[in-house]
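Step one of this worksheet: look at the structure below.
All chains are named by letter (A, B, ...) in the order of the sequence lines, taking the proteins before the strands, and each is independently numbered beginning at 1. Fair warning: this is a prediction, and the values are worked out from it, not measured in the lab.
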Amino acid sequence: MSEFFAQFAVPHPSTLIYIAMASIVLGSIALVAIVTYFKLWGYLWREWITTVDHKKIGIMYLITALVMLFRGGVDAVMMRLQLAVPDNGFLDAQHYNEVFTTHGVVMILFMAMPFITFFFNFLVPLQIGARDVAFPRLNNLAFWLFFMGMGLFNISFIVGGSPDAGWTSYFPLADNEFSTSVGTNYYMLALQIAGLGTLMTGINFITTIMKMRAPGMTLFKMPMFTWSALIANLIIVFAFPVLTVALAMGTMDRLWDTKFFAIGDGGMDMLWANLFWVWGHPEVYILILPAFGIFSEVISTFARRNLYGYTSMVWSMILISVFSFAVWTHHFFTMGQGAFTNSIFSITTMAIAIPTGVKIFNWLFTLYKGKIVVTTPMLYALHFIPLFTLGGVTGVMLAMSAADYQYHNTMFLVAHFHNVIIPGVVYAMLAGLTFYWPKMFGFMLNERLGKATVWVMSIGFVLSFIPMYITGLDGQARRMYTYSDAAGFSTLNMVSFVGAGIMSVSFLMLVWNIWYSFKNSPRDIGSDPWDARGLEWATHTPIPHYNFAITPDVTDATSEAFWDSKKNGVKLFKGEIKDIHMPNNSGQTFILSVFFFIGGFALVFSMFTLAIISLIGILACMGYRSLEDDHGYHIHKEEVELIEKKYEKEGGAK
Amino acid sequence: MGKVNNNVPLEYSTEENNLKIFGFWTFLGAEIMLFGTLFASYFVLEGRTGNGPTGAEIFEIGPVLAETFILLASSFTIGLAIHAMRLGSKKATLSFMGITLFLGAAFISVEIYEFVHYVHVGAGITTSAFTSALLTTLGTHGLHVTFGLFWGIFIMIQIAKRGLNAVTAGKTFVFSLYWHFLDVVWIFIFSFIYLKGMM
Ligand code: HEM
Ligand SMILES: [Cu+2]
């Protein structure tokens, strides 16, 4: 009995972990108590857990992303605190390993991914004038699988121990011999389950965009964000199966002693590195392209003109998506693959800078010819351009394979990729969040607080990451938990810590802004508070669950259909209101995901009986679904008319 | 459900089915990447046999040929099932699907025999990188076929109960795509794993 429980114990406990455990347990009890006290279980189940409405699923992704931003952020501050002074004893080597591993995984896979998926969900159907996604129930399943994967990963640090082999989980480091806790099992299985959800999202959105566009919307009339979503989802469908296979092999190596990546018996650790980055490099473009899409929407709206070079924007994204599969070995230039291979991948890597540059210039031309209105979303975009360009330049420096021997695996690399991923992805997500907030919740975020947040964030960012370029070139290695004063990194690392502190303040300001605006912002803002351009603004606020009472027709409009209707009187809603067919909610998908969670947990601890039971559960759910006959329901014409009348009475543009 | 169009085959007659068929093709794109990755890994690890046997030492042409013929035949019969479906014959559709699934089960039986043989001659999944990659690649294909057996049975139940309508026709058609795909994958396994390994 005690042996059974001993396997769940954390192998490297510390006071911090105990505090975290206690607060998580207390927090959960409080949450359950609140939900029970206010009798919210039924509401949660009916309105959220089982929902097939793309807008609500989107908001669940958003909440997940924000919570994970907090978790990853705490990890980040802990790392900067540890490195703030030389010979610091706040974290030991093992804990530092665990913290940077979780930080990396959480930020890329459980923060940035759900954030872009939130935008796919919330925006794409509205931008193409559709009622929902192609497979609403699959969409719900995709969310819950993603969520269960995230949950599994996050419990690792209180049950069994966190992974500690880096977010790249390189073998042989990740093998049982060197990663002795179950942490890496968690990594393999949690990413597998979440990845399944992501693959479903990819298939769903490709189908939605290819097949469900409003009449008249040709491919080259799609809004820029929808284009970026289409391409990102195509990359998902082609890249994620590679990760699936790599993770399966890694899991088998750890649980069943197969020899894929083993030392000896023919195993090959470099195979992992290759497979990981064949997925991993395209993955960074899965994140950055939708971010570019958001910036394009924001910049054209607040430069008050249409995007410069629409067609070249699209083609540059297509080129980037193709190139992104041809550069992966730049992640291991120094691991002995020979000068020829290095040269090829050096050149392909640099080639990506060209289409990326095209996009930057298009944004600059849009701004140059426009009448700029500096709102909070626009301020994010204005900060993004110079900061991201700096990150791009240092990226090209890293791409020079001969020079990479100098700064490979130093803080220089860390500075580079944060320099693209924070101003690129995080700023875009926050810009988009601020921009679409009124569409989601019916009130604006405070503009003064918002702009102050952007400035504080940028100051924190520069203080935090620019010093790392310097210490990196001086030889400060990444993933080292401490250094001696004699190395001479002390002052710059202290600056970096202060910067990280300032960045945290900016995130607190964001949270405060949400609360403050919730309390104080006016609610009668209509449905188009920014004087925006895309079809997503052509519906009411809050958005009725059928999105558009009449399917828009954009034959006479451009990619900025709503703008055309406002300025040139293009008629979008022709014809009359008809019955609307809607899909039913379903709880099966949630139950299925719970089986995945239990199965994943069981495999982490090699409890194979339990794993088989959950497999049977999974198959039973699928069999049940196969035989089920569910035709959805109709909202009748009269009801739609009634809802529409109510909106008209309350005002709001249409 | 959307509009029903009577000028196209039953499986394409509703908007919902069109979406599902398109979505399934996209899924097959992902499956190509999945098997592509498995093949690539296999080729990398093929010669890395450690102290274990090589492919030439363990492959047996007999069972492999049997598997190939059985699976090719099943691809033909699922084609006939779709043909029967388009002609509107419920009975013939069910019969051909039944034969297809029977052949699938025969394939799996031979494959199980094959795996037992490998373990018997000292080529278990943990023996070497080569055997890990071999058995994982074959096993992934085999699991797909096994999954297809259950899926096919569930579709047959529905056709038997509800007849051929847009919903069951769509499901049968998607299933046939899946089955053909597994056959194509097998052709690759046959040529690039067995034939190449035996030469
Ligand atoms: C102009 C564009 C870019 C270039 C030329 C570039 C180049 C590179 C190179 C050469 C490396 C490997 C360095 C080494 O191992 O020493 C690297 C690493 C990395 N890059 Fe980029 N990159 C670019 C854009 C991006 C973007 C847009 C993102 C994310 C959204 C990103 C995220 C990363 C990450 C996370 C790593 C870390 C790899 C690790 O953990 O070893 N990069 N980049
Ligand atoms: Cu890369």
Counting only heavy atoms closer than 4.5 Å, note whether A/Thr244 contacts chain B via side chain, backbone, both or neither.
side chain
Using a cut-off of under 4.5 Å for heavy-atom pairs, which of B/Gly23, B/Gly124, B/Gly29 has the most such pairs with chain A?
B/Gly23
Proximal component of B/Lys171, with respect to chain A [non-hydrogen, under 4.5 Å]:
side chain
Is it the backbone or the side chain of B/Thr131 that comes under 4.5 Å from a heavy atom of chain A, or both, or neither?
neither
Donor-acceptor pair between A/Asp257 and B/Thr126 side chains, under 3.5 angstrom:
no
Under 3.5 Å, is there a donor-acceptor pair between the A/Ser626 and B/Gln158 side chains?
yes
Side chains of B/Trp179 and B/Ser74: is there a donor and an acceptor less than 3.5 Å apart?
yes
Could you label the plane-to-plane angle of the B/Tyr113 and B/His117 rings as parallel, tilted or perpendicular, counting under 30° as parallel and over 60° as perpendicular?
parallel
Filtered by a 4.5 Å non-hydrogen cutoff, the part of residues 203-213 of chain A contacting chain B is A/Ile203, A/Ile206, A/Thr207, A/Met210, A/Lys211, A/Met212
Hey, would you say the B/His141 and B/Phe107 ring centroids sit under 6.0 Å apart?
yes
Pair B/Tyr118-B/Glu114, side-chain donor/acceptor within less than 3.5 Å
yes
Interface moiety of A/Leu138 toward chain B, non-hydrogen atoms closer than 4.5 Å:
neither
Measuring heavy-atom distances to chain A, does B/Ile157 have an atom under 4.5 Å in its side chain, in its backbone, in both, or in neither?
side chain
Top of B/Ile155, B/Ile125, B/Ile153 for chain A proximity - count of heavy-atom pairs under 4.5 angstrom
B/Ile125
With a 4.5 angstrom heavy-atom cut-off, could you sort out which part of B/Leu19 is near chain A: side chain, backbone, both or neither?
both
Which donor-acceptor pairs under 3.5 Å do the side chains of residues 59-73 of chain B make with protein atoms, sequence neighbours left out?
residue	atom	partner	partner atom	Å
B/Thr68	OG1	B/Val64	O	2.7
B/Thr68	OG1	B/Trp186	NE1	3.1

Measure distances from A/Ala262 to the heavy atoms of chain B and classify the residue's part below 4.5 Å as side chain, backbone, both or neither.
neither
Identify the residue among A/Met268, A/Arg254, A/Met249 that makes a side chain to side chain contact (heavy atoms under 4.5 Å, CB included) with A/Phe261.
A/Met249
Region of A/Phe238 in contact with chain B, defined by heavy-atom distances below 4.5 Å
both
Need one label for B/Phe154: side chain, backbone, both or neither, based on atoms under 4.5 Å from any heavy atom in chain A.
both
B/Arg86: which residues meet the side chain to side chain contact (heavy atoms under 4.5 Å, CB included) condition with it, sequence neighbours left out?
B/Pro9, B/Glu11, B/Ile82, B/Phe173
Please find out if less than 6.0 Å separates the ring center of A/Trp328 from that of A/His281.
no
All ring pair (Phe, Tyr, Trp, His ring centres under 6.0 Å) counterparts of B/Phe150, not counting sequence neighbours:
none
Counting heavy-atom pairs under 4.5 Å to chain A, which of B/Phe27, B/Phe130, B/Phe24 comes out on top?
B/Phe27
Quick check on A/Leu627 against chain B: is it the side chain, the backbone, both or neither that has a heavy atom closer than 4.5 Å?
both
Looking only at non-hydrogen atoms, find the nearest pair between A/Met252 and B/Thr136 and report the distance.
CE-OG1, 3.4 Å
